[in-house]
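Order of appearance sets the numbers: ligands from 1, and atoms from 1 within every ligand.
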Amino acid sequence: MEALIFAHRGSSKTHPENTMPAFQAALESGADGIELDVQLTKDHVPVVIHDLTVDRTTDGEGFVMNYTYKDIQSLDAGSWFDSTFEGIRIPSLEEVMKWIKGTHLKLNIELKNGYPRFPELEEKVIALIRQFEMEERVILSSFNHYSLVETKRLAPELETAVLFMEGLYEPWDYAEHIGARALHPYLPVAVPELIQVASSKNMPVRVFTVNGPEQMKQLLKAGCSIFTDDPETAVSIRRNWRDS
Ligand code: G3P
Ligand code: CA
């Protein structure tokens, strides 16, 4: 299987997560793709932010779903990380799509559709993927597997992936049952048996979040893809063992 490196929320070790500078840094690191998180604003615009509230990663407070797109744009999403990033904004998914279209990067969109459930999230995201003709480079994942089933119903051409944090029994069968093409397990449950059996069934395994150099090496060598906050290190590890 292809061992790909995805920058988790962009290059989030060195840049404010889920922002354009973090995505640009991921591109420059030599990563194969980026991962980001999407929610809807009050006026139904898909925006890129991880937490349900803006409190941790901006200078504002309150739930993302209570902000209009215009209002969320006025928040500073860079200073919390470092003052050199002052003035960086929360990007819309559309802005990221416009940028990524001109790169070679793959894009994993995580639908933050647990609680609250954003009823239009799948439709809005699918419309953007189609608008930018990114169907071949996008993977949609979610911890809410109902959202994955809905995505598949609306857009059978898109790849969906099962995100999970617990020891699912024979997850390759479950993934197939809900039309998903890949498994995205949390590192502690990405046990060798899971990796071996899924790989033998040609089902990609992409593990999150892998920041330790030794774990990066083991997983990449086993043919897994990884999500990492530190794509620079992962790329150099992969380059070293491929060259040796
Ligand atoms: O998609 C992998 C990973 O991002 C899922 O967890 O909490 O970092 O969004 P979280
Ligand atoms: Ca995520």
Side-chain angles (χ1 to χ4, degrees), residues 3-20 22-23 25-26 31-40 46-58 63-65 77 80-81 90-93 96-97 100 105-118 121-122 125 129 137-148 151 158-168 171 175 178 180-190 194-195 198 203-212 215-216 219-220 224-231 234:
L4 301 177
I5 295 165
F6 287 81
H8 181 242
R9 312 180 195 172
S11 279
S12 55
K13 183 180 174 188
T14 50
H15 294 71
E17 66 183 54
N18 281 325
T19 64
M20 293 311 298
F23 300 142
D32 305 295
I34 61 170
E35 185 264 3
L36 53 75
D37 306 286
V38 173
Q39 303 178 50
L40 292 184
V47 286
V48 179
I49 180 167
H50 178 272
D51 297 4
L52 292 180
T53 71
V54 299
D55 301 19
R56 181 178 61 88
T57 57
T58 76
F63 284 92
V64 173
M65 63 184 290
W80 71 275
F81 187 84
I90 293 173
S92 66
L93 181 60
V96 178
M97 298 285 266
I100 207 166
L105 293 171
K106 293 183 186 297
L107 175 60
N108 177 198
I109 300 173
E110 185 189 339
L111 301 165
K112 283 287 179 208
N113 217 355
Y115 178 80
R117 182 93 159 85
F118 296 102
L121 186 59
E122 296 92 353
V125 170
I129 296 168
R137 280 161 58 192
V138 169
I139 302 154
L140 286 157
S141 62
S142 184
F143 287 112
N144 183 343
H145 302 170
Y146 288 89
S147 189
L148 297 179
T151 298
L158 294 179
E159 174 172 338
T160 54
V162 179
L163 254 180
F164 60 102
M165 295 190 73
E166 306 295 340
L168 285 189
I178 64 167
R181 273 186 242 153
L183 301 174
H184 290 190
Y186 183 41
L187 177 60
V189 300
L194 180 146
I195 294 167
M203 182 169 282
V205 178
R206 309 185 186 106
V207 182
F208 72 94
T209 305
V210 187
N211 290 328
Q215 281 166 329
M216 288 175 180
L219 289 165
L220 290 167
C224 285
S225 295
I226 61 169
F227 297 99
T228 178
D229 301 331
D230 183 7

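- Residue S141 has no nitrogen or oxygen atom sitting less than 3.5 Å from a nitrogen or oxygen atom of ligand 1, judged on distance alone.
- Listed by number with element, the atoms of ligand 1 under 4.0 angstrom from any heavy atom of R9 are 7 (O), 8 (O), 10 (P).
- Heavy-atom proximity to D37, at under 4.0 Å, picks out these atoms of ligand 1: 9 (O).
- By the 4.5 Å heavy-atom criterion applied to side chains, L52 and V64 are not counted as neighbours.
- At a threshold of 4.5 Å between non-hydrogen side-chain atoms, the residues L107 and R137 do not count as touching.
- Taking a cut-off of under 4.0 Å to the non-hydrogen atoms of H50, the atoms of ligand 1 that pass are 7 (O), 8 (O), 9 (O), 10 (P).
- Between L148 atom CG and R181 atom CZ the span is 12.5 Å, to the nearest 0.5 Å.
- Of all N, O or S atoms in E110, the one lying closest to the Ca ion (ligand 2) is OE1.
- Ring-plane geometry between F227 and F6 is classed as tilted, the angle between the planes lying from 30 to 60 degrees on a 0 to 90 degree scale.
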Would N211 and D229 count as a side-chain hydrogen bond (donor to acceptor under 3.5 Å, both in side chains) here? Give the steps.
CA-CA 6 Å; N211 290 328; D229 301 331; 2.9 Å; yes
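- Under 4.0 angstrom from ligand 1, the non-hydrogen atoms of E35 all belong to its side chain.
- Using a 4.5 Å heavy-atom threshold, the side chains of L183 and L168 count as separate.
- Protein heavy atom at the shortest distance from atom 5 (C) of ligand 1 is E110 OE1, 3.4 Å.
- For D37 atom OD1 and E35 atom OE2, the angle they make at the Ca ion (ligand 2) is roughly 110°, to 10 degrees.
- Protein heavy atom at the shortest distance from atom 3 (C) of ligand 1 is H8 NE2, 3.5 Å.
- Residue contact check for ligand 1: H184 places no non-hydrogen atom closer than 4.0 Å to it.
- Taking 4.0 Å as the cut-off between side-chain N and carboxylate O, E122 and R117 count as a salt-bridged pair.
- Between F143 and F164, a ring centre-to-centre spacing not shorter than 6.0 Å is recorded.
- For a threshold of 3.5 Å applied to N or O pairs, the pair formed by T209 and ligand 1 contains no separation below that value.
- With ligand atoms numbered from 1 in the order given, ligand 1 contributes 7 (O), 9 (O), 10 (P) to contacts under 4.0 Å with heavy atoms of K112.
- For N108, no nitrogen or oxygen atom sits less than 3.5 Å from a nitrogen or oxygen atom of ligand 1, counting backbone and side chain alike.
- Ligand 1 lies nowhere less than 4.0 angstrom from a heavy atom belonging to R206.
- Side-chain contact annotation: T57 with D51, donor-acceptor N/O pair under 3.5 Å absent.
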